[in-house]
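The structure presented is a predicted model; accordingly, all values stated were derived computationally and were not measured.
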There are 2 protein chains.
Amino acid sequence: MPRVLSKEEVEDFREKLTEAATRLFAERGQDGFTLRELASEVGVSPMTPYRYFKDKDEILAAVRARAFDRFAEKLENAFGKKGTPVDRANAAAQAYVEFALQETASYRLIFDIWQPNENDYPDLVRAGIRARATMIQHIPGLLEAGVLQGDPVLIGHVFWSALHGAVMLRLAGKLSPDCDFQKIIDETMRALSVGFAAGR
Amino acid sequence: MPRVLSKEEVEDFREKLTEAATRLFAERGQDGFTLRELASEVGVSPMTPYRYFKDKDEILAAVRARAFDRFAEKLENAFGKKGTPVDRANAAAQAYVEFALQETASYRLIFDIWQPNENDYPDLVRAGIRARATMIQHIPGLLEAGVLQGDPVLIGHVFWSALHGAVMLRLAGKLSPDCDFQKIIDETMRALSVGFAAGR
DNA sequence: CGTCATAATTATACGTTGTAAATTTATAGT
DNA sequence: ACTATAAATTTACAACGTATAATTATGACG
């Protein structure tokens, strides 16, 4: 009987391909990223990836899931540092912005790509839920510390979307040249903190 | 001598093509939008548009400029209504969200597409500057009315990016299912207003 | 008017893409 | 060693953007 790929071999190849795809996608951008170049990059013929992935979309989903996870890790690390709840929340916010600016391609993969059938990719769904939880997790500490008050899920989403909006406009080059990006971030965080402050 | 297209005829055709492209882009999405279908839609051969536009990118730029302008118009209309500065600012914010949700394709064209050489298209640059000014214009009224205090350009960008972030996450389907979108918008506006309130 | 130079348009063709189908290669069980 | 068949590659195709070649149509002039 012929050689049969073990579960492990399949997983290894998927891993290798996803890694190369992540790099290629960052280099070439959404449009310039082709299966043919990806295949040659890992040293196989253009059709070989089809043994391991259904199509290009599924490869993209794997790349996205991986990006989600790296993002969540970075935020969890920042949040895991010692300090007051406020310090830790600030560290998480800073890590968020850093990731977006330094790993722009991955950030876009995470939040700015609309795959028609996202729910068909379980890994992607899982990674997405994890990343969202990560972004909300630092709020309860602020409530318990008596810094903020309100619904933590709602507050988390407000902070998150404000951060996301500033980052996206920055990445799209839409901000006015005479308006400093970091100042927008700082003032957004300050104003929202005042708006949700406890005891008013 | 042969027939020569008048300035007006050229402009008419460009207009017609841009209009059809806007519709097609909304129907088919970024990837599904093809020059060949666009050409057949307006009843010419696939190469005819090249007489009027350099390439696909230039057509896309025209579509974007048009979307910018419609967006700015909608906001200016809302802001032009009678009422207190606060009323007018709220009307503008509401119009913003409405446009994003109802004309999603255009909204994405405006704020979520990264053309490598945007500055090569003067119409696009002009429309972009106009739209940005439109989004900032309602802030000075709030300062003069003694509602807010601070740098109007900075405040404008903070409100704008917060709104943009919530809208983008909503459009990308990234918000938690148990967090109402309108509530996020309302709380964002409320909290930011408190954070920038005059007299504190 | 008929002819002709030439702008406008269309037809053809090429290189590239994702991927379906056909073909080849390599290996485990007899 | 032989063979059934999984894996991999080769070939092939339709669709894309668009360069180039061919065609069509028109307005000035003899």
Original post:
Tell me the side chain to side chain donor-acceptor pair (under 3.5 Å) pairs involving residues 131-151 of chain B, sequence neighbours left out?
Top reply: B:Glu76-B:Thr134
Original post:
Any side-chain N or O of B:Thr48 under 4.0 Å from OP1/OP2 of C:dT9?
Top reply: no
Original post:
Tell me: CZ of A:Arg3 to C1' of D:dT3, nearest whole Å?
Top reply: 19 Å
Subject >> Heavy-atom protein contacts under 4.0 Å, nucleotides 15-24 of chain C, coded B base, S sugar-phosphate only, - none >> reply: --BBBBB---
Original post:
Under a single-linkage rule joining Ile, Leu, Val, Met, Phe, Trp and Tyr whose side-chain heavy atoms are separated by less than 4.5 Å, which residues share a cluster with B:Leu38?
Top reply: B:Leu5, B:Val10, B:Phe13, B:Leu17, B:Leu24, B:Phe25, B:Phe33, B:Leu35, B:Val42, B:Val44, B:Met47, B:Tyr50, B:Tyr52, B:Phe53, B:Ile59, B:Leu60, B:Val63, B:Leu109, B:Ile113
**OP:** Return the residues of residues 5-30 of chain B meeting this criterion: a heavy atom under 4.0 Å from some atom of DNA chain C. Order them by number, or give none.
**Re:** B:Leu5
Subject >> All side-chain contact (heavy atoms from CB on, under 4.5 Å) counterparts of A:Ala100, not counting sequence neighbours >> reply: A:Tyr107, A:Val167
**OP:** For A:Phe68, enumerate each residue passing the ring pair (Phe, Tyr, Trp, His ring centres under 6.0 Å) test, keeping only those at least two apart in sequence or located in another chain.
**Re:** none
Subject >> Connected hydrophobic set around B:Val153, excluding itself, where side chains approach under 4.5 Å >> reply: none
**OP:** For B:Phe53, report the nucleic acid contact type (base, sugar-phosphate, nothing); a contact means any heavy atom under 4.0 Å.
**Re:** nothing
Subject >> Atom-pair distance (CZ on B:Arg51; P on D:dA25), nearest Å >> reply: 18 Å
Original post:
Does anything in residues 176-200 of chain B pair up under ring-ring contact (aromatic ring centres under 6.0 Å, His included), and if so which pairs, sequence neighbours excluded?
Top reply: none
Original post:
Does A:Asp69 have any side-chain contact (heavy atoms from CB on, under 4.5 Å) partners at least two apart in sequence or in another chain, and if so, which?
Top reply: A:Arg126, A:Ala127, A:Arg130
Original post:
So, are A:Lys74 and A:Glu103 salt-bridged, with charged N and O less than 4.0 Å apart?
Top reply: no
